[in-house]
Undergrad: 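Got a structure for you, questions after.
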Amino acid sequence: MNPSKPMRRMNIALWMAPVLVVIGAFFVSLRWLSRLDDAIVLAVSAVAAISVMGWSLLVSIRHHGGLDEVERASAQFSWMWGATAGSICTVLLLMLPPFRSFIVDLATGIVALRGGSEEAMEHKALILAFTLGFGTLQVLQVVGTVVAACWWWARTR
Amino acid sequence: MAPDLDMKNRIRVLRAEKGWSQADLAERVQVSRNSINAVENGKFDPSLPLAFRIADVFGLKIEDVFLRD
């Protein structure tokens with residue numbers, strides 16, 4: 001028997017909870033992390049990132065197994081077109097000098113909060129700017145996927 | 001590329017005869033109600049296994065449920 005819609009939502013929320021807890025804990029402890037050694041911060045970040053990605057993968061596999069063929073077709077359509085559109089938008093966005101400057105300024109500003117030698121700060125700002133650019137790609141791919149899923153839903157209802 | 005083959009189905013009529021809602025049929029076929037809605041309205045062409053399952057719950061042959069337009 002198919003579970004009811006509220007039950008399915010509750011199930012999804014429960015499965016996603018550990019991811020939200022780890023992300024929340026990471027952001028709450030940012031101030032504490034900023035006082036620690038770089039190596040420890042990197043280790044904590046790596047553990048948090050791997051935990052979130054591993055758990056998300058497990059949830060995705062489990063969720064995908066429970067989908068019927070129409071829902072799978074929807075997911076395939078949404079990801080294919082949404083992620084492609086998100087990638088194209090990211091490239092176009094990164095071609096715009098104001099956006100590029102915004103990312104560089106943001107990275108430089110964040111790195112400057114902790115201080116350090118000019119060479120070290122430049123190195124960290126470069127890594128952070130790259131990470132922010134990659135983050136932009138991820139966010140726009142998710143947005144594109146959600147928009148494509150909404151389009152599919154509207155077309156098939 | 002081969003041209004698309006238009007299909008129609010009698011799911012809405014068959015459901016009405018049985019007095020089933022889309023949710024009832026969805027439960028019997030083990031898919032979501034939205035999926036039944038998409039198939040019933042011709043927005044999604046089901047795979048052969050799903051088409052057979054739908055025909056089975058009505059106790060009919062597949063060609064009695066799905067027809068060429």
Side-chain angles (χ1 to χ4, degrees), chain A residues 1-20 55-86 88 141-157, chain B:
Chain A
M1 196 180 90
N2 287 332
S4 64
K5 200 175 265 188
M7 282 294 288
R8 285 179 80 169
R9 285 185 181 154
M10 178 77 85
N11 204 11
I12 291 169
L14 279 174
W15 276 92
M16 290 309 294
V19 171
L20 298 177
W55 186 258
S56 301
L57 186 63
L58 189 73
V59 171
S60 300
I61 291 168
R62 190 179 176 279
H63 180 64
H64 193 261
L67 298 180
D68 61 46
E69 67 179 64
V70 182
E71 291 167 332
R72 282 184 189 183
S74 165
Q76 190 180 10
F77 170 89
S78 306
W79 175 245
M80 187 177 80
W81 292 109
T84 304
I88 291 169
Q141 283 189 330
V142 170
V143 170
T145 303
V146 170
V147 169
C150 290
W151 191 83
W152 171 280
W153 180 78
R155 197 176 66 95
T156 57
R157 66 194 287 258
Chain B
M1 203 174 80
D4 283 344
L5 177 69
D6 286 330
M7 286 201 325
K8 60 182 181 181
N9 66 72
R10 298 177 54 233
I11 294 176
R12 191 186 301 274
V13 175
L14 295 169
R15 259 195 325 105
E17 285 174 3
K18 296 270 187 187
W20 293 345
S21 64
Q22 286 186 341
D24 293 332
L25 178 59
E27 195 172 326
R28 285 174 164 84
V29 183
Q30 296 275 294
V31 295
S32 70
R33 191 200 63 79
N34 286 337
S35 299
I36 288 296
N37 185 58
V39 173
E40 182 176 300
N41 290 320
K43 303 284 187 183
F44 182 85
D45 291 334
S47 66
L48 266 178
L50 178 57
F52 274 119
R53 265 166 37 216
I54 292 171
D56 284 349
V57 297
F58 288 119
L60 296 169
K61 290 179 182 170
I62 196 167
E63 59 267 32
D64 296 329
V65 181
F66 295 94
L67 315 143
R68 289 177 77 147
D69 199 11

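Letters A, B, ... are given to chains in the order of the sequence lines, protein chains preceding strands, and every chain is numbered from 1. Side-chain atoms are counted along with the backbone in the values below, which use heavy atoms only and exclude waters and symmetry mates.
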Undergrad: Chain A heavy atoms under 4.5 Å from B:Pro49: which part of the residue, side chain, backbone, both or neither?
TA: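 For B:Pro49, neither part sits under 4.5 Å from chain A.
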
Undergrad: Output all residues satisfying side-chain contact (heavy atoms from CB on, under 4.5 Å) with B:Asp45, sequence neighbours left out; order by chain, then residue number.
TA: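 Partners of B:Asp45 by the side-chain contact (heavy atoms from CB on, under 4.5 Å) criterion, ordered by chain and then number, come out as B:Met7.
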
Undergrad: At under 4.5 Å between heavy atoms, what parts of residues 144-155 of chain A are in contact with chain B? List them by residue number.
TA: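 Against chain B, the residues of residues 144-155 of chain A that fall inside the cut-off (heavy atoms, under 4.5 Å) are A:Trp152, A:Trp153, A:Arg155.
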
Undergrad: Taking heavy atoms only and a threshold strictly under 4.5 Å, list by residue number the residues of residues 64-73 of chain A that touch chain B; give 'none' if the list is empty.
TA: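 Checking residues 64-73 of chain A against chain B gives A:Asp68, A:Glu69, A:Val70, A:Glu71, A:Ala73.
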
Undergrad: Considering only heavy atoms and a distance below 4.5 Å, find which of B:Asn41, B:Asn34, B:Leu50 pairs most often with chain A.
TA: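 Looking at each option in turn, the highest pair count goes to B:Leu50.
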
Undergrad: So for atom CH2, which belongs to B:Trp20, do other residues, nucleotides or ligands contribute more than 12 heavy atoms lying within a distance under 6.0 Å?
TA: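 Enclosed: over 12 neighbouring heavy atoms sit under 6.0 Å from CH2 of B:Trp20.
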
Undergrad: Show every donor-acceptor pair shorter than 3.5 Å between a side-chain atom in residues 53-67 of chain B and any protein atom, with sequence neighbours excluded, or say none if there are none.
TA:
from: B:Arg53; atom 1: NE; to: B:Val29; atom 2: O; distance (Å): 3.3
from: B:Arg53; atom 1: NH2; to: B:Val29; atom 2: O; distance (Å): 2.8
from: B:Asp64; atom 1: OD2; to: B:Lys61; atom 2: N; distance (Å): 3.4

